[in-house]
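Have a look at the structure below, then the notes.
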Amino acid sequence: MSILAMQRLYDHQPNGPATPVDMSVDYYKYDYEFAEPPRVTSLQNTVPLPTFNDFGDDVYFVADQRGYESVVYYLAGQYLKTDKSGKIVDPRLKLNKVVREISYSPSGVTVKTEDNSVYRADYVMVSASLGVLQSDLIQFKPQLPSWKVVAIYQFDMAVYTKIFVKFPKRFWPEGKGREFFLYASSRRGYYAAWQEFEKQYPGANVLLVTVTDEESRRIEQQSDNQTKAEIMEVLRKMFPGKDVPDATDILVPRWWSDRFYRGTFSNWPIGVNRYEYDQLRAPVGRVYFTGEHTSEHYNGYVHGAYIAGIDSAEILINCAQKKMCKYNVPGKYDD
């Protein structure tokens, strides 16, 4: 069932139409986590949320100036050849290659890229996002079987947009308990969730506002100046009587429009159970799949992608080295 159905079962419904405050609190509790509203998000894998159950309720903002990529390079450096400075020099790593076609047969696989390079192998592991699998960027030859295609399209690829806005000075509240604040609009999800970074980046004068789903898609299709104008209007409503200066800079990610992502992370929709999830992860012949969308408990999270990569690699190794190639999805098929 959906989160909304659960709310109704527990009489979590305001008397009459929801107020702007009701909507902003509900948005912060659910959309801000799953990137889609309670009416489409399944209770499965969400309430309770395994990530918080297993790793605790604390959430930390990592302000390390080296950026997220330092984690990726550290992990890659554990199995790829590096020079003395730690730079990856392994010739097997091919960057800036756009995969457009994957051909597979009982004897092996062939991968073709946009620059007409061809790579042949015994197996291939596809770690592209669910959004990419739902697009036409990569052509599979032969086409993936119908059960696989249905599984791919049954899951949602959500859109979660973190917009960073820089100002010449601070005008918002700060201090303990004030890192986050909400905007209560009559339009659900309209620049609702805000975060300030004075603790993480002193003197940066930067605010982060998060939008999701339809608002993300709408904003991606308009100019940054239009988005900035909307944000300034919201902030001046939030802080009446304050001297709110015009923003000096804005960063608007466009994950949905980017052909290499087509969204930000997967969300578990209603009507999809564990069986369909197993199909999403299942290999097709010599083509194996991994990514956060194949994570059994942590889809939508980086640790989900990391753990899923390990799981998928073990499935492939079992086949390649131990000839244990049968992948069982309980109940419906054995291939």
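These numbers come from a predicted model, not from an experiment.
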Does the side chain of [X] reach to within under 4.5 Å of the side chain of [Y], using non-hydrogen atoms?
X: Ile88; Y: Leu93; result: yes
X: Ile270; Y: Leu43; result: no
X: Pro20; Y: Ser185; result: no
X: Thr110; Y: Val118; result: yes
X: Arg286; Y: Asp122; result: yes
X: Gln321; Y: Asn318; result: no
X: Phe52; Y: Leu49; result: yes
X: Tyr277; Y: Val272; result: no

Would you check if the side chain of [X] reaches a backbone N or O of [Y] as a donor-acceptor pair within less than 3.5 Å?
X: Gln195; Y: Thr210; result: no
X: Thr264; Y: Ala158; result: yes
X: Asp90; Y: Leu80; result: no
X: Asp258; Y: Arg262; result: no
X: Gln221; Y: Arg217; result: yes
X: Glu114; Y: Arg100; result: no
X: Trp147; Y: Ala151; result: no
X: Lys112; Y: Val99; result: no
X: Glu196; Y: Glu174; result: no

Which atom names give the shortest non-hydrogen contact between [X] and [Y], and what distance separates them?
X: Pro245; Y: Asp243; answer: CD-O, 3.2 Å
X: Arg188; Y: Asp26; answer: NH2-OD2, 2.8 Å
X: Leu280; Y: Phe289; answer: O-CB, 4.2 Å
X: Val252; Y: Ile163; answer: CG2-CG2, 4.1 Å
X: Val149; Y: Leu144; answer: CG2-O, 3.6 Å

Keeping to residues at least two apart or across chains, list the side chain to side chain donor-acceptor pair (under 3.5 Å) pairs with something in [range].
range: residues 305-316; answer: Thr290-Ser312
range: residues 248-257; answer: Glu220-Ser257, Asp224-Arg254
range: residues 153-162; answer: Thr161-Ser216

Do the rings of [X] and [Y] sit parallel, tilted or perpendicular, given the 30° and 60° boundaries?
X: Phe180; Y: Tyr32; value: perpendicular
X: His303; Y: Phe55; value: perpendicular
X: Tyr191; Y: Trp194; value: tilted

Report yes or no: do [X] and [Y] form a side-chain donor-acceptor pair below 3.5 Å?
X: Thr212; Y: Tyr27; answer: yes
X: Gln222; Y: Arg218; answer: yes
X: Ser223; Y: Asn225; answer: no
X: Asn299; Y: Glu292; answer: no
X: Tyr119; Y: Lys97; answer: yes
X: Glu69; Y: Tyr73; answer: no

Partner residues of Asp58 under the salt bridge (Lys or Arg N to Asp or Glu O under 4.0 Å) criterion, sequence neighbours left out
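With neighbours one apart ignored, the set is empty.
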
Pair His293, Phe265 - check ring pair (Phe, Tyr, Trp, His ring centres under 6.0 Å), show working.
CA-CA 7 Å; His293 52 284; Phe265 51 76; over 10 Å; no

From CA spacing to verdict: side chain to side chain contact (heavy atoms under 4.5 Å, CB included), Met232, Asp246
CA-CA 7 Å; Met232 294 313 307; Asp246 284 339; 4.2 Å; yes

Answer with yes or no after comparing the ring centroid distance for Phe239 and Trp172 against a 6.0 Å cut-off, counting only values under it.
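No; Trp172 has its ring centre 6.0 Å or more from that of Phe239.
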
Taking the six-membered ring of Phe140 (Phe, Tyr or Trp), confirm whether the NZ or CZ of Lys148 is under 6.0 Å from its centre and within 45° of its axis.
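Checked: cation-pi criterion not met.
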
For a side chain to side chain contact (heavy atoms under 4.5 Å, CB included) check, start with the C-alpha distance between Phe167 and Val206, then their side-chain angles and the critical distance, and finish with the verdict.
CA-CA 6 Å; Phe167 296 90; Val206 168; over 6 Å; no

Members other than Val72 in its cluster, when Ile, Leu, Val, Met, Phe, Trp, Tyr link by side-chain heavy atoms under 4.5 Å?
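Listed partners: none, Val72 stands alone.
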
Under the ring pair (Phe, Tyr, Trp, His ring centres under 6.0 Å) rule, collect the residues that match up with Tyr104, sequence neighbours excluded.
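Listed in chain order: nothing, the list is empty.
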
Out of curiosity, does Tyr30 fall in the hydrophobic cluster containing Val40 (side-chain heavy atoms, cut-off under 4.5 Å, transitive links)?
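Different clusters.
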
